[in-house]
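Take a look at the structure set out below.
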Amino acid sequence: MAIVSKADDGAAAPRKRWGQGWATAALLTPAYAWLLLAVFLPLCAMLFFSFLKSSPVPGRPLIYTVDNYLAFIKRPYLFDVAWTSIQIGLWTTGLCALIGLPAALALARATAGRSKHVLFLLIILPFWTNGLVRVFSWTMVLREGGILDYALHWIVPAAPAVSLLYTFPAIIIGLVHAYLPYMILTCYLSASAIEDATIEAARSLGGRTPIVFWKVLLPLCMPGLISGSILIFVPVIGSFMEPRILGGRIGVTMGTVIEDQFTAAFNWPLGAALSFTMLAVVLLIFAFSSRVLSGRAATP
């Protein structure tokens, strides 16, 4: 009887695994079907457009070329545009790190109960408003005669007019406001995992608050800091709404150039090629960051 029971168990195990596999496939199929329709098919269409000599028009033969991927060589001004985009990405990411890491530590270590819920609500509040509304709200604050200018003249009546609109700082302010929650939330996940005993041990060994932060808190929060930096830097270098509205003529970035190729110049092949060039840069950033994160995870 024991032998028959073991045989039955051995036959039932593959059937159970088979059933679990079908159940898993049934649960994953809607998500992967949506990704196929919403992500991969448009990417395949963009890749096809990037190798065309001109935008597809009915009745015109399709001519294939790779010249669109040589745009940075044929159009040197794109290097300046790319450098501007990188500068915007670095400034935005750096300011988000400087503001977001202390905020995440305070949220994880110094708050509890209802106050923590209220602070979480305030952090994610920008996600509840339309991005276009957010950006145009900043124009009301930063323009001459706006809220900032009015507040300054209320404090110092003789002060000159202040207008940050259509400047580089205005672009950074709008982007930091939009992407700061990503940094706070990722750093919060790392900070909340730090045990109180670790900090108490560092202080019992004579470490002052700056030393504890530099030697203990910062290394333990580094995975969240790196993840937040990736989540911010990658979309910021391709942003076009904030640079166009808050930067005006100086807000020319790779995102605005790509948008102009599709909407104004009707040069879909060049816009698609520039998009895939940026996608390649993003993939390189992800590959580098994954190595860094895996190396830190492997370090005891």
Check your understanding: Under the 3.5 angstrom rule, does the side chain of Ser229 hit a backbone N or O of Leu225 as a donor-acceptor pair?
Key -> yes
Check your understanding: Rounded to the nearest 0.5 Å, what separation is found between the SG atom of Cys221 and the CG atom of Leu105?
Key -> 4.5 Å
Practice item. Give a yes or no on whether Trp83 and Leu175 share a hydrophobic cluster (residues Ile, Leu, Val, Met, Phe, Trp, Tyr; joining criterion: side-chain heavy atoms under 4.5 Å apart). Key: yes
Exercise for review: Check side chain to side chain contact (heavy atoms under 4.5 Å, CB included) between Ile173 and all other residues, then give those that pass, not counting sequence neighbours.
Suggested key: Trp138, Leu142, Leu164
Check your understanding: Heavy-atom distance under 4.5 Å between the side chains of Arg143 and Thr139, does that happen here?
Key -> no
Review point. Taking the side chain from Thr186 and the backbone from Met183, do they hold a donor-acceptor pair closer than 3.5 Å?
Key: yes
**Study point:** Value rounded to 0.5 Å, distance of OG in Ser50 from CZ in Phe48
**Key:** 9.5 Å
Point to revise | Under 3.5 Å donor-acceptor, Thr92 side chain and Gly89 backbone | key: no
Check your understanding: What's the spacing between Arg134 CZ and Ile245 CD1 if we round to 0.5 Å?
Key -> 11.0 Å
Check your understanding: Do Tyr64 and Leu47 share a hydrophobic cluster (ILVMFWY, side-chain heavy atoms under 4.5 Å, transitive)?
Key -> yes
Check your understanding: Under 4.5 Å between side-chain heavy atoms, hopping through other hydrophobics if needed: is there a path connecting Leu70 to Tyr77?
Key -> no
Point to revise | Any side-chain heavy-atom pair of Ile124 and Pro181 under 4.5 Å | key: no
Review point. Hey, does the side chain of Thr198 reach the backbone of Ile194 with a donor-acceptor pair shorter than 3.5 angstrom?
Key: no
Point to revise | Over 12 non-hydrogen atoms of neighbours within 6.0 angstrom of CZ in Phe233 | key: yes
Practice item. Kindly indicate whether the side chain of Trp34, heavy atoms from C-beta on, has any atom under 4.5 Å from the side chain of Val39. Key: no
Practice item. Evaluate the criterion salt bridge (Lys or Arg N to Asp or Glu O under 4.0 Å) for residue pair Glu259 and Arg244; output intermediate values, then yes/no. Key: CA-CA 10 Å; Glu259 184 202 15; Arg244 186 176 295 280; 2.9 Å; yes
Exercise for review: Check the surroundings of atom CZ in Phe240: do more than 12 heavy atoms from other residues, nucleotides or ligands lie under 6.0 Å from it?
Suggested key: no
Study note, to complete from the structure: Correct closest heavy-atom pair for Leu78 and Val257 would be CD2-CG1, 4.1 Å
Check your understanding: Which atoms form the tightest heavy-atom contact between Ala272 and Phe262, and what is the distance?
Key -> N-CZ, 3.6 Å
Check your understanding: Would Phe266 and Trp268 satisfy ring-ring contact (aromatic ring centres under 6.0 Å, His included), going step by step from the backbone distance to the final call?
Key -> CA-CA 6 Å; Phe266 198 65; Trp268 293 5; 5.2 Å; yes
Exercise for review: Kindly indicate, with the supporting measurements, whether the criterion salt bridge (Lys or Arg N to Asp or Glu O under 4.0 Å) is fulfilled by Lys53 and Asp67.
Suggested key: CA-CA 8 Å; Lys53 189 172 183 180; Asp67 290 343; over 6 Å; no
Review point. Taking everything shown except Tyr166 itself, do over 12 heavy atoms lie less than 6.0 Å from its OH?
Key: no
Revision key, fill the gap. Between Ala191 and Ala108 the two heavy atoms that sit nearest each other are CB-CB, 3.8 Å
Point to revise | Closest non-hydrogen atom pair, Pro235 against Ile230 | key: CD-O, 4.0 Å
Review point. Below 4.0 angstrom, N of the basic side chain to O of the carboxylate: do Arg75 and Asp80 qualify?
Key: no
Practice item. Using a 4.5 Å cut-off on heavy atoms from C-beta on, say whether the side chain of Ile88 contacts that of Phe168. Key: yes
Study note, to complete from the structure: Note: Asn68 and Thr65 closest approach over all heavy atoms is ND2-CG2, 4.3 Å
Check your understanding: When the ring centroid of Phe276 is compared with that of Tyr69, is the distance short of 6.0 Å?
Key -> no
Check your understanding: Any side-chain heavy-atom pair from Trp128 and Leu121 closer than 4.5 angstrom?
Key -> yes
Review point. Would a distance-only check, ignoring hydrogens and angles, find a side-chain to backbone donor-acceptor pair under 3.5 Å from Ser55 to Pro269?
Key: no
Check your understanding: How close do Ala103 and Ile184 get, heavy atom to heavy atom, and via which atoms?
Key -> CB-CD1, 4.2 Å
Check your understanding: Roughly how far apart are Ser85 OG and Leu90 CG, rounded to 0.5 Å?
Key -> 11.0 Å
Review point. Any sub-3.5 Å donor-acceptor pair from His153's side-chain atoms to Ala159's backbone N or O?
Key: yes
Exercise for review: Please confirm whether the backbone N or O of Ala161 pairs with a side-chain atom of Asp149, one donor and one acceptor, at under 3.5 Å?
Suggested key: no
Point to revise | Side-chain touch Leu165/Glu144, heavy atoms, less than 4.5 angstrom | key: no
Review point. Hey, are the side chains of Met254 and Leu274 touching, using non-hydrogen atoms and a 4.5 Å cut-off?
Key: yes
Point to revise | Side-chain heavy-atom pair Thr256, Thr253 within 4.5 angstrom cut-off | key: yes
Check your understanding: Taking a hydrophobic cluster as the set of Ile, Leu, Val, Met, Phe, Trp and Tyr residues connected by side-chain heavy atoms closer than 4.5 Å, whether directly or through intermediates, do Ile63 and Phe49 fall within one such cluster?
Key -> no
**Study point:** Spatial distance of atom CG (Leu101) from atom CG (Leu218) [nearest 0.5 Å]
**Key:** 6.5 Å
Study note, to complete from the structure: In this structure, NZ of Lys215 is separated from CG of Leu220 (nearest 0.5 Å) by 13.0 Å
Practice item. Identify whether Met222 and Ile99 are in the same connected component of the hydrophobic contact network (ILVMFWY, side-chain heavy atoms under 4.5 Å). Key: yes
